[in-house]
Chemist: 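Below you'll find the structure I mean.
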2 protein chains.
Amino acid sequence: MAATIRDVARLAGVSASTVSRALSMPGVVNATTRARVQAAAEQLGYAPNKAARGLITGRTGNIGLVVPDLANPFFPSVVKGVQARARMHDVAVFLADTDEDAAAEVGLVLALAKQVDGLILCSPRADEDELAAIAADTNVVLVNRLVEGVPAVTFDNEGGMRQAIAHLVALGHRKIAWVGGPKTSWSSAHRSIGLYAAAHDHGVKLVDVGHFAPTYEGGMAAADQAVASGATAVVAYNDLVAIGLLARLHARGITVPDDLSVVGIDDIAMSRMSRPALTTVRLPKQRAGEIAVELLLAMIDDPDPDTIIGTRGTLHGELMVRDSTGLAADRTSDPARP
Amino acid sequence: MAATIRDVARLAGVSASTVSRALSMPGVVNATTRARVQAAAEQLGYAPNKAARGLITGRTGNIGLVVPDLANPFFPSVVKGVQARARMHDVAVFLADTDEDAAAEVGLVLALAKQVDGLILCSPRADEDELAAIAADTNVVLVNRLVEGVPAVTFDNEGGMRQAIAHLVALGHRKIAWVGGPKTSWSSAHRSIGLYAAAHDHGVKLVDVGHFAPTYEGGMAAADQAVASGATAVVAYNDLVAIGLLARLHARGITVPDDLSVVGIDDIAMSRMSRPALTTVRLPKQRAGEIAVELLLAMIDDPDPDTIIGTRGTLHGELMVRDSTGLAADRTSDPARP
DNA sequence: CTGAAAGCGCTAACAG
DNA sequence: CTGTTAGCGCTTTCAG
């Protein structure tokens with residue numbers, strides 16, 4: 001059906017090897033033959049078969065991307081970044097959604113590993129040893145997760161949390177609740193650490209409300225405990241949780257930000273659309289995907305050296321102040337508050 | 001690095017072909033040798049190289065999926081459905097996001113076509129002739145779009161709109177506004193048709209407010225015109241638009257549903273989270289992805305016959321009544337309303 | 001600078 | 001039931 005390299009060779013009156021060279025190492029071939037070959041290729045609509053090429057070069061020109069759940073708006077953003085950058089480099093992207101199933105994750109990765117040059121893994125759950133094992137014989141870049149010796153793109157969770165706390169303290173809050181994500185989540189743990197450090201530095205109290213699903217429902221579930229904690233502000237594991245919080249608070253007749261301020265993390269599109277609009281720490285999700293691709297491609301071009309192994313890109317978050325910590329909630333002039 | 005079929009053959013003391021057979025046509029090989037081969041394969045962690053296999057069988061075991069914009073929550077759902085079903089059949093999925101760029105779409109499709117057995121296209125924008133041309137020499141299944149002679153999975157837009165109108169009419173609405181999507185959108189056109197037909201049947205008036213971007217911003221832009229139309233209810237092109245509408249109405253102090261009722265289409269996750277929760281027509285997005293895979297796989301197994309070419313799966317929507325058309329808006333007992 | 005030959009990992013005849 | 005042979009489409013020595 002599709003034209004092969006030999007069809008082009010015949011039409012151009014040269015050998016297959018010349019076609020191959022003319023197309024992938026233009027400099028090494030006579031200008032006129034090159035032109036002839038290119039014309040022939042054009043005419044036939046020839047495009048090299050990547051699979052066949054990969055068989056011999058050991059490079060497929062494809063990369064794999066594994067995400068836990070596309071329904072969480074965080075991940076489509078990362079995927080978009082990966083896509084865009086991959087396309088720039090003319091590499092195709094295999095996508096796998098593990099549905100938050102750490103076991104499936106490993107299986108999928110193994111299956112994919114055979115037909116790609118490298119893998120980008122957003123795997124909050126998978127076992128650290130398994131990740132290390134996979135990284136041992138495949139090019140792997142981790143996103144939003146750190147494992148010894150594996151290149152990764154992460155977010156500066158500590159810094160983001162510091163900004164959130166500073167903002168809340170400036171508004172007069174002295175007791176702040178933290179609604180954490182899943183127990184096993186790497187980023188939840190790091191956000192927690194940053195929060196405690198910042199709270200300590202500012203001399204304010206942080207109350208840990210517990211671990212919840214990283215979803216709208218998780219936020220609904222956490223809301224009552226957050227209220228009961230007596231805090232005047234809540235920081236949620238992510239925006240989805242924060243929005244769940246908002247919903248439950250509204251249902252209970254608790255006004256945000258007047259009665260309670262809420263801060264999320266991620267800055268998903270939905271955050272601007274919630275009522276009230278959500279103050280959140282914007283994470284450059286798309287950028288993370290782009291950088292992951294660059295890192296991966298660098299590893300593929302030049303595997304092994306220490307310049308890359310262990311490399312990490314750290315991206316900084318940026319506080320987006322919106323209505324959920326609005327001025328109405330300024331407690332600096334309210335003597336009744338502790 | 002990775003074990004090849006010959007490594008397994010050597011370890012099992014058989015020939016490469018026997019390994020190949022033992023693994024892919026187990027019935028045709030002696031039970032004891034088969035066991036030996038399987039053990040060897042296991043021990044070496046052998047997995048066949050799909051690219052090499054594809055070279056000879058002409059089947060890659062991969063499919064391609066093209067979507068216009070992952071940031072629109074509609075598409076991640078479809079992708080999830082495709083993923084899940086593809087995994088069941090042990091096929092891998094290439095994903096491409098065209099960023100709403102119809103031109104890029106074609107280029108991407110051509111590039112992908114070489115390394116997949118078939119393509120699932122969610123291409124609201126691409127030119128009809130181009131789609132037909134692509135479908136002529138590649139297995140293609142369209143989602144949410146109909147082109148002569150190309151298998152497709154679509155939604156019953158007319159039926160969905162009929163449900164929406166029936167609901168609004170039952171609540172006493174007699175003048176309903178329609179906020180359409182992009183001019184070139186296939187589904188916007190069909191939704192419009194369904195709406196007019198239903199309005200006509202019920203003897204109520206439908207006001208076309210115009211075409212808007214299928215986004216939150218589009219909804220914001222449409223809100224004032226919807227209000228000015230004098231309608232008591234609005235049907236929006238999709239949920240994102242409806243939620244934009246809600247935001248702008250709120251900003252203007254117009255209460256939903258008391259002053260104006262709003263209905264969306266899609267039932268994205270966000271719809272349950274908006275305030276008020278959005279009444280919408282639920283489209284089985286994930287199911288659409290699953291069916292698209294089944295259709296595509298059927299075409300691949302058995303290309304050409306008329307049983308498939310021209311086949312279409314039509315999925316029906318389901319009205320989800322929520323607060324944005326709440327009881328408070330019941331106009332049946334309100335004599336002041338027309 | 002170009003052609004011929006070899007072979008990537010695998011499967012499909014074809015013998016045995 | 002199993003081994004041998006050939007070759008998918010391509011790149012890469014190796015000669016010329």
Side-chain angles (χ1 to χ4, degrees), chain A residues 1-38 40-41 44-62 90 92 110-117 137 300, chain B residues 1-38 40-41 44-62 90-92 111-117:
Chain A
M1 189 77 246
T4 100
I5 198 171
R6 275 194 279 263
D7 298 328
V8 179
R10 202 173 310 125
L11 182 60
V14 296
S15 77
S17 2
T18 301
V19 174
S20 173
R21 283 189 283 253
L23 265 25
S24 45
M25 349 168 38
V28 86
V29 107
N30 181 301
T32 61
T33 30
R34 189 199 323 151
R36 208 144 33 97
V37 169
Q38 281 166 343
L44 264 41
Y46 170 78
N49 181 322
K50 274 189 168 193
R53 171 187 290 169
L55 210 48
I56 175 150
T57 60
R59 293 271 192 89
T60 61
N62 300 327
D90 201 40
L110 261 27
L112 272 184
K114 298 303 235 176
Q115 41 187 340
V116 299
D117 299 333
D137 48 30
I300 292 169
Chain B
M1 188 77 248
T4 99
I5 200 171
R6 276 196 277 266
D7 298 328
V8 179
R10 201 173 312 124
L11 182 60
V14 297
S15 77
S17 6
T18 301
V19 174
S20 174
R21 284 188 284 251
L23 264 26
S24 46
M25 346 166 46
V28 86
V29 109
N30 181 300
T32 59
T33 32
R34 189 199 324 150
R36 210 143 34 99
V37 169
Q38 281 167 342
L44 263 41
Y46 170 78
N49 181 324
K50 274 190 168 192
R53 170 186 292 170
L55 209 48
I56 173 151
T57 58
R59 294 271 192 88
T60 61
N62 300 327
D90 203 39
V91 325
L112 271 184
K114 298 300 233 175
Q115 40 186 338
V116 299
D117 299 333

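We name chains A, B, ... by the order of the sequence lines, and we start the count at 1 in each one.
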Chemist: If you round to the nearest 0.5 Å, how far is OG of B:Ser20 from CE of B:Met25?
Modeler: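 Atom-to-atom, B:Met25:CE and B:Ser20:OG are 8.0 Å apart.
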Chemist: Using a 4.0 Å cut-off on heavy atoms, which residues in residues 44-58 of chain A reach DNA chain C? List them by number, or say none.
Modeler: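 DNA chain C contact set from residues 44-58 of chain A: A:Leu55, A:Ile56.
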Chemist: Let's go through A:Asn49 and B:Leu55 carefully: what are the C-alpha distance in whole Å and the side-chain angles of both, what is the deciding distance for side-chain contact (heavy atoms from CB on, under 4.5 Å) to 0.1 Å, and is it a yes or a no?
Modeler: CA-CA 9 Å; A:Asn49 181 322; B:Leu55 209 48; 4.2 Å; yes
Chemist: CZ/A:Arg53 to CZ/A:Arg59 distance, rounded to the nearest 0.5 angstrom?
Modeler: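 One gets 11.0 Å once the value is rounded to the nearest 0.5 Å.
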Chemist: Which of these passes side-chain contact (heavy atoms from CB on, under 4.5 Å) with A:Ile5: A:Thr18, A:Val19, A:Leu23?
Modeler: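 Only one option passes, and that is A:Val19.
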Chemist: Going from CG on B:Asn30 to CZ on B:Arg21, what distance comes out if it is rounded to the nearest 0.5 angstrom?
Modeler: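 So the gap between those two atoms works out to 12.0 Å.
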Chemist: Stepwise, does the side-chain contact (heavy atoms from CB on, under 4.5 Å) test hold for B:Asn62 with A:Gln115?
Modeler: CA-CA 10 Å; B:Asn62 300 327; A:Gln115 41 187 340; 3.4 Å; yes
Chemist: B:Arg59 has an atom CZ; how far is it from atom P of C:dT11, in whole Å?
Modeler: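 Taking CZ of B:Arg59 and P of C:dT11, I get 13 Å after rounding.
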Chemist: Using heavy atoms and a sub-4.0 Å distance, could you list which residues of residues 13-30 of chain B are near DNA chain C? By number, please.
Modeler: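 Heavy-atom contacts with DNA chain C come from B:Ser17, B:Ser20, B:Arg21.
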Chemist: Kindly compute the distance separating CZ (A:Arg6) from OH (A:Tyr46), expressed to the nearest 0.5 Å.
Modeler: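 So the CZ of A:Arg6 and the OH of A:Tyr46 are separated by 10.5 Å.
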Chemist: Look up atom CG in B:Leu44 and atom CZ in B:Arg10, then write down how far apart they are to the nearest 0.5 Å.
Modeler: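 One gets 9.5 Å once the value is rounded to the nearest 0.5 Å.
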Chemist: For A:Arg10 and C:dG3, what is the distance between atoms CZ and P respectively, to the nearest whole Å?
Modeler: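 In whole Å, C:dG3 P and A:Arg10 CZ are 14 Å from each other.
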Chemist: Which whole-number value in Å describes the distance from B:Ile5 CD1 to D:dG3 P?
Modeler: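 Computing the B:Ile5:CD1 to D:dG3:P distance gives 12 Å.
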Chemist: Please tell me if B:Arg6 has a side-chain N or O lying less than 4.0 Å from either OP1 or OP2 of C:dC8.
Modeler: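 Result: yes.
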